[in-house]
Amino acid sequence: MLFSKTVLTTLASTLLASTTLADDLPAIEVVGNKFFYSNNGSQFYIRGVAYQADTANVTSGSSINDPLADYDSCKRDIPYLQQLDTNVIRVYAVNTSLDHSQCMQTLNDAGIYVIADLSSPKQSVNRNDPTWTVDLFQRYKDVIDMFSNYTNVLGFFAGNEVTNNNTNTDASAFVKAAVRDSKQYIKDKSYRTIPVGYSSNDDEDTRVPMADYFACGDSDVKADFYGINMYEWCGKSNYKESGYEDRTNDFRNISVPIFFSEYGCNEVTPRTFTEVQALYGDNMTDVWSGGIVYMYFQETNNYGLVSIDGDSVSTRADFGYYSSEIHNISPSSANTASYSASSTSLACPATNKNWAAATSLPPTPDADLCSCMNAANTCVVSSDVSSDDYADLFDYVCAYVSCDGISGNGTSGKYGSYSFCSAEEQLNFVLNLYYQSNGGSSSDCDFSGSATIQSAVTQDGCSAALKEIGSIGTNTASDSATFTSGSASGSKTSSGSKSSGSITSASGSKTSSGSKSSSDSKSSSKTSSHKNAAVAQNELGFIQTLLTSFGTISVVASLGFALL
């Protein structure tokens, strides 16, 4: 079934020409395992479309092709989304330096909500070397700040397919910390309550414990909703044979809303989307809250509902089939006036061969604490040392002093108090620790010219917290740190030339060089291996990559964002 391009283009022009600004859409709220309209309490099912072109196509010099900042494209596409009875779009990365007001208003007027991922291609949690840092938290806060005032923001994803098999479940501890801190930030800023959730892949070993992990715990820690990128129904199938029956039984007891954050297997084309009737049918609606079709734009991975050529939109066969199916659903509907959640809590998963993430989560990143610690160091890395050379310094120093204060381990649940600081701040901390442990002479802060002496200053707003944390950075501070920028910078004194990359100790022994590791963002679900990742993976941080060689910490970096 194909829609005439001419007819749709005419419709688009007519709709946009007659559009008047609508009242703000009512916020969507979470009650039990369902979504509801906040204004009248009726149940909300997601009829969604993934809406973001390959981020390799840059916007304004960034690494993000932000569809919500391109009003011309947004205006062009919304009538087609309306033809699909779309009430939610998912975007995988936004550019916080750009304006989104026109597109968000037009989406509002069209009755369309947004679920936005908080991460970006270069700022997200790396499944192989996970960390939750000041810089990454700032990225999340910037996105929240930008979209908090739009009531048609349904919610945020704090991660996408970060843990994708049983070898990297520890990464989920860092993502859950991101969920916790994002929720608290929304509360601290007195924004309206905006749900924060997680989007998972469909790995057979981890799918159930991972859902339980994100849905367990107190309300201030657990995810508000949970998405699964689901590609089990391919071609002609049915509720039982596809695996949908098994998945529905798997998640029957989950206590938060769960939905397909992506779906639409393309092993057989064109896609006829017969799974739509099952997803919104009586067998599934008690557990599932709808889904998001992958995806609007046709690209090399061949998942598009439409093809775009400049300003021209051509609907594909998939568009017609999906439109026909989505217009023929009639899901049952609950109402908050009579609905009572059958379960409001869930036990966290037990540790076993397939699940090793600790329930103890990384600390909330605190920029002031990092600045306090940094200013109080006497021995610090020289300003002319490239960050590319940090690895050798870490490699050497961490062989002689404890680096537990800057480490984080999502399996043991042990995290240093400075595990969220920048690589430079962490390096300064361990250089100073080495310097102090060896007597504090100038020769102990040389490192072949890579380190220097500064005037250490401990501000009044820092002293209590730094004292509680202790010299090796492994205790917890009950006092908050308040750092006044510029008042404790100290003056650096050069103590040598720039390091060439290898560090020689006083005894002349050379350190071993650390190496960076890479991580892929491909889904391990049943059929999503056929998709091409549309987002570049994150760059790895030198500090944690290096420290992994000692087995002392989990490595800093950031990946897990995948536009699949």
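In what follows, every heavy atom counts, from backbone to side chain, and hydrogens, waters and symmetry copies are set aside.
Within the model, atoms CG of N354 and OG1 of T351 stand 11.5 Å from one another, a figure rounded to the nearest 0.5 Å. Taken to the nearest 0.5 Å, the CD1 atom of I64 stands 7.0 Å off from the OG1 atom of T96. Between D99 atom CG and L68 atom CG the span is 11.0 Å, to the nearest 0.5 Å. From N165, atom CG reaches atom CD of E204 across 11.0 Å, with rounding to the nearest 0.5 Å. Rounded to the nearest 0.5 Å, atoms CG (D142) and CG (N95) are 10.5 Å apart. With rounding to the nearest 0.5 angstrom, the CG atom of L361 is 11.5 Å from the CH2 atom of W132.
V256 has its side chain within reach of I254: a pair of non-hydrogen atoms, C-beta onward, lies under 4.5 Å apart. N229 is listed as a side-chain neighbour of E161, based on a closest heavy-atom distance under 4.5 Å. Proximity of F147 to H100: side-chain heavy atoms (C-beta onward) are separated by under 4.5 Å at one or more points. Counting heavy atoms from C-beta on, the side chains of P363 and S419 come closer than 4.5 Å. Residues D479 and E468 meet the side-chain proximity criterion, which asks for heavy atoms closer than 4.5 Å. In this structure, the side chains of M373 and L466 come closer than 4.5 Å at one or more pairs of heavy atoms. Using a 4.5 Å heavy-atom threshold, the side chains of Y435 and I453 count as touching. When side chains are defined from C-beta on, V114 counts as touching V91, because their heavy atoms get closer than 4.5 Å.
If you run side-chain contact (heavy atoms from CB on, under 4.5 Å) between P209 and each of C216, P349, C348, only P349 comes through. When the options T378, V381, N377 are evaluated for a side-chain contact (heavy atoms from CB on, under 4.5 Å) with L431, the one that passes is V381.
With hydrogens and angles ignored, the 3.5 Å screen pairs a side-chain donor or acceptor of S412 with a backbone N or O of K414. A donor-acceptor pair is defined here as one N or O able to donate and one able to accept, closer than 3.5 Å; such a pair exists between the side chain of T169 and the backbone of A356. Not one N or O on the side chain of K176 forms a donor-acceptor pair closer than 3.5 Å with the backbone of T359. Judged by distance alone, with hydrogens and angles left aside, the side-chain atoms of K222 form no donor-acceptor pair with the main-chain N or O of S345 at under 3.5 Å. At distances below 3.5 Å, not a single donor-acceptor pair connects side-chain atoms of R192 with backbone N or O atoms of I186. In this structure, D218 contributes its side chain and V221 its backbone to no donor-acceptor pair below 3.5 Å. At least one donor-acceptor pair closer than 3.5 Å links the side chain of S261 to the backbone N or O of I228. Formation of a donor-acceptor pair under 3.5 Å by the Q123 side chain with backbone atoms of S120 is not found in this model. Although no hydrogens or angles enter the test, the distance criterion places a donor-acceptor pair under 3.5 Å between the side chain of S402 and the main chain of D404. One N or O on the side chain of R180 and one on the backbone of P362 form a donor-acceptor pair closer than 3.5 Å.
Classification of the Y415-F174 ring pair by plane angle, with boundaries at 30° and 60°, yields perpendicular. The aromatic rings of Y294 and Y231 stand perpendicular to each other, their planes meeting at an angle above 60°, with 30° marking the opposite boundary. Between F259 and F157, the ring-plane angle classifies as tilted under the 30° and 60° cut-offs. Taking the six-membered ring for Trp and thresholds of 30 and 60 degrees, Y390 and F394 have ring planes more than 60 degrees apart, a perpendicular arrangement.
Taking all atoms of both residues into account, the shortest heavy-atom contact from G155 to F225 is CA-CE2, 4.2 Å. Across every non-hydrogen atom of F429 and S471, the tightest pair is CZ-O, 3.3 Å. For A93 against P121, the heavy-atom pair with the smallest separation is CB-CD, 4.0 Å. For D368 against A481, the heavy-atom pair with the smallest separation is CB-O, 3.4 Å. Taking all atoms of both residues into account, the shortest heavy-atom contact from D66 to Q52 is CA-NE2, 4.2 Å. The shortest non-hydrogen separation linking V30 to P257 is CG1-CD, 3.5 Å.
In summary, the aromatic rings of F447 and Y434 are positioned with their centroids under 6.0 Å apart.
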Criterion side-chain contact (heavy atoms from CB on, under 4.5 Å) on V94 and V143, from CA distance to verdict: CA-CA 7 Å; V94 294; V143 176; 3.9 Å; yes
For F297 and Y51: C-alpha separation, side-chain torsions, deciding distance, then whether ring-ring contact (aromatic ring centres under 6.0 Å, His included) applies. CA-CA 7 Å; F297 299 96; Y51 182 70; 5.2 Å; yes
F420 vs F137, side-chain contact (heavy atoms from CB on, under 4.5 Å): CA-CA, chis, key distance, verdict: CA-CA 9 Å; F420 45 70; F137 188 22; over 6 Å; no
For K189 and S148, what are the C-alpha separation, side-chain angles and deciding distance, and is it a side-chain contact (heavy atoms from CB on, under 4.5 Å)? CA-CA 10 Å; K189 295 287 286 186; S148 61; over 6 Å; no
Could you walk me through whether R90 and D117 satisfy the salt bridge (charged side-chain N to carboxylate O under 4.0 Å, His left out) test, starting with their C-alpha distance in whole Å, then the side-chain angles of each, then the deciding distance to 0.1 Å, before giving a yes or no? CA-CA 8 Å; R90 178 184 180 181; D117 286 52; 3.1 Å; yes
Run the side-chain contact (heavy atoms from CB on, under 4.5 Å) test on V153 and M104 for me, step by step, so that the C-alpha distance in whole Å, both residues' side-chain angles and the decisive distance to 0.1 Å come before the verdict. CA-CA 9 Å; V153 171; M104 290 300 295; 3.8 Å; yes
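A donor-acceptor pair shorter than 3.5 Å can be found between the side chains of S441 and D444. In summary, the side chains of S417 and N475 do not present any donor paired with an acceptor at a separation below 3.5 Å, with no hydrogens or angles considered. Counted by atom type alone, N164 and N201 present zero donor-acceptor pairs between their side chains at under 3.5 Å.
Enclosure of atom CG in D460 is not indicated, since only 12 or fewer non-hydrogen atoms of other residues, nucleotides or ligands lie within 6.0 angstrom. Heavy atoms from other residues, nucleotides or ligands lying under 6.0 Å from CG of N166 number more than 12.
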